[in-house]
Amino acid sequence: MYSPLQMAADLPENYEKHLDAFQFIKDVAMDWQDSRYLEAEPGDYLTVARKDKHSENWFLGAITDENARDTEIKLDFLSPNKKYQAIVYQDGADADWEKNPKSYAIKTIQVTSKSKIKLHLAKGGGTAISFKPIN
């Protein structure tokens, strides 16, 4: 499965039809103020949230092994009393690392620190989310 984070490992010309998925790579910070490991099982799955060192933006990455996975993530790492725009880059409904590795979907939702977000990770898949405060 090509999550936005994994896609960049291939030749750029292979992704000209998927430039919307690269917005996460353009947005993601390089310096971190905080990192939170939300869930992990070595060799199986990992979900990490990181806060940009220079803003109130957070970024989340989740990845799984050859087994599909459903999980619910608490967003209590976000600042309280703020609303965030979350852009979710996720596996498509028909994504499969062997049969349909390029299937993805992008959606925008509004969340707070009290929100929970349900993730479905396809076999060999992942999700990337950017969280930006709404003024």
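Note that the structure is predicted; figures quoted are calculated from it, not measured.
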Please assess Y84 against S79 for the test side-chain contact (heavy atoms from CB on, under 4.5 Å), listing each intermediate value before the final yes or no.
CA-CA 9 Å; Y84 289 81; S79 296; 3.3 Å; yes
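- Residues passing the ring-ring contact (aromatic ring centres under 6.0 Å, His included) test with Y45: none are found, sequence neighbours excluded.
- Side chains of V111 and F131 form a contact here, defined as non-hydrogen atoms less than 4.5 Å apart.
- In this structure, F77 and L75 have side chains that are in contact, with non-hydrogen atoms separated by less than 4.5 Å.
- Grouping the Ile, Leu, Val, Met, Phe, Trp and Tyr side chains by contacts below 4.5 angstrom, directly or via other members, places I134 apart from W58.
- Residues R69 and N67 have side chains not in contact (no heavy-atom distance under 4.5 Å, counting atoms from C-beta outward).
- For the pair T112/L78, no side-chain contact is recorded, criterion being any heavy-atom separation below 4.5 Å from C-beta on.
- Counting only heavy atoms from C-beta outward, the side chains of P133 and N57 approach each other to under 4.5 Å.
- Nearest approach of D52 to F59, heavy atoms of both residues: CB-CE1, 4.3 Å.
- Between H120 and D91 the shortest heavy-atom distance is O-OD2, 4.0 Å.
- Between the side chains of E39 and T47, at least one donor-acceptor pair of N or O atoms lies under 3.5 Å.
- Across all their heavy atoms, A122 and T64 have their closest contact at O-CG2, 3.3 Å.
- In terms of heavy atoms, S113 sits closest to P80 at OG-CA, 3.5 Å.
- Note that OG1 of T71 and NZ of K118 are 11.0 Å apart. Values are rounded to the nearest 0.5 Å.
- Residues L119 and I129 meet the side-chain proximity criterion, which asks for heavy atoms closer than 4.5 Å.
- Here the closest heavy-atom approach between residue R50 and residue S35 is recorded as NE-OG, 3.2 Å.
- What you find for S55 and K51 is that their closest heavy atoms are O-CE, 3.7 Å.
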